[in-house]
Amino acid sequence: MSIHGSGSVLALSSPDISPKDTSIMVADPVNSVHLKYASLGVLVLQTTSLVLTMRYSRTLKEDGPRYLASSAVVSAEVLKMFACSVLVLMENNFSLQGMKRLMKEQVVKKPMETLKLAVPAGIYTLQNNLLYVALSNLDAATYQVTYQLKILTTALFSVSMLGRRLSLFQWLSLLLLMAGVTLVQWPTDSEGNTEEQKVLTAGSRFVGVMAVLMACISSGFAGVYFEKILKETKQSVWVRNIQLGLFSFVFGFVGMMVYDGHGVWQAGMFQGYNFVTWVVVVLQAVGGLVVAVVIKYADNILKGFATSLSIIASTLISYFLLEDFNPTGIFFLGALLVIAATFLYGCERKPASVVAIKA
Ligand code: C5P
């Protein structure tokens, strides 16, 4: 699959899209291509800044309790829903009446359609919490590279759920990806650590890696599921995101009360919040919006390109600015393989694997 877009041909990923539905996706191809690249660019920036800020916020030493990760997930959902509501209002020429009518028709009167979004919402909520677990236990670079395994899970779910076909090169690149991630994860003996510290570090690393692996499965499934829903129907992406957000908020809130309920009752939901926490929350919310646009105008695999580029950025920043990461030769080799695999995956467009529609 090429990363080059074309103004006249819009590649869709789901072969089971009906002709009736596809018509809306060719309404403004030039605009779509612009949106595709703009959204991918913003995603690179957003991913890099989110990973680094989140890692910084989870390691920052401050007086008093650290903010609750589960609460930050809920705050981001609320912010996202607010932003989506403003966007739906804009789509309706700022008519509150129009927006109300649309929401009634699309959300309230179609409970089964709305209910479909409960699946990715539950999975994304788990994933968003796992992200904090991962970045509390792993350095930013190791996290980023290992999380690239989501390209593999996304590919597998795309094949099984969307009926997408992969070329030999693409399968090979997936093998390369796994080799790269294994190298990045290769245990290194940190000098100067006591035996006790080494056991603690290894334990923490294990928790972090497990969290990332679970997030990879969740990201692949939820992303493809959302792509299928989005491309099968002609509903506004922002309405879809409000539906998703409604469930995500409920799941996130219940999760927060189950895991951190005691702390919330004692010191409130916003305990330990500082400026950096709010930056993380805003970046998380912006990320959700950008991911939705990328899934609509590009696809989940192209999303992998954006994150690969952000790996290079966050590795360099993690090394030079945060000084929390000491890359070994094996790490560099692994990271190189991951990035090479990502580009190899994307450098071939198989006509048979996509539905191409002439505008
Ligand atoms: O790493 P990955 O690309 O799977 O991350 C997706 C992120 O985007 C999650 O935080 C998820 O909550 C968010 N998202 C969203 N709205 C969508 C799709 C994803 O907020 N429509």
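All figures in this text were calculated on a predicted structure; none of them were measured in a lab. Remember, it's 1-based here, ligands and their atoms both numbered in the order they're listed.
- When atom types are taken as modelled, the side chain of S219 and the backbone of C216 share no donor-acceptor pair closer than 3.5 angstrom.
- Each of the atoms 1 (O), 2 (P), 4 (O) of ligand 1 lies under 4.0 Å from some heavy atom of Y147.
- Of all non-hydrogen atoms in F157 and G220, the two that sit nearest each other are CD1-C, 3.5 Å.
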Before you tell me yes or no, could you show the steps for V280 and T277 under side chain to side chain contact (heavy atoms under 4.5 Å, CB included), namely the whole-Å CA-CA distance, both residues' side-chain angles and the distance that decides it to 0.1 Å? CA-CA 5 Å; V280 171; T277 316; 5.6 Å; no
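- Residue-ligand proximity, K80 to ligand 1, at heavy-atom distances under 4.0 Å covers atoms 12 (O), 15 (C), 20 (O).
- The shortest distance between side-chain heavy atoms of L130 and S218 does not fall below 4.5 Å.
- Residues V293 and V42 have side chains not in contact (no heavy-atom distance under 4.5 Å, counting atoms from C-beta outward).
- Residue, atom and distance of the protein heavy atom nearest to atom 6 (C) of ligand 1 are Y124 CE2, 3.8 Å.
- Looking at N241 against ligand 1, only its side chain comes within 4.0 Å, counting heavy atoms.
- The N/O atoms of Q127, backbone and side chain alike, include one that comes under 3.5 Å of an N/O atom in ligand 1.
- Near V291, meaning under 4.0 Å from one of its heavy atoms, ligand 1 places the atoms 8 (O), 18 (C), 19 (C).
- Atoms of ligand 1 lying under 4.0 Å from at least one heavy atom of L244, given by number and element, are 16 (N), 17 (C), 21 (N).
- Of the options A76, G288, A292, G220, the smallest heavy-atom separation from atom 8 (O) of ligand 1 is shown by G288.
- Ligand 1 places these atoms under 4.0 Å from at least one heavy atom of F226: 21 (N).
- Contact atoms of ligand 1 toward S219: 1 (O), 2 (P), 4 (O) (distance under 4.0 Å to a heavy atom of the residue).
- R240 places no side-chain N or O within donor-acceptor distance of the main-chain N or O of F226, the cut-off being under 3.5 Å.
- Not a single heavy atom of R240 sits less than 4.0 Å from an atom of ligand 1.
- Any N or O atom pair closer than 3.5 Å counts here, and N128 shares at least one such pair with ligand 1.
- Shown here for V145 and V181, the closest heavy-atom pair between the two residues is O-CG2, 3.7 Å.
- With hydrogens and angles ignored, the 3.5 Å screen pairs no side-chain donor or acceptor of E113 with any backbone N or O of K110.
- Closest to atom 3 (O) of ligand 1 among all protein heavy atoms lies K303 NZ, 2.5 Å.
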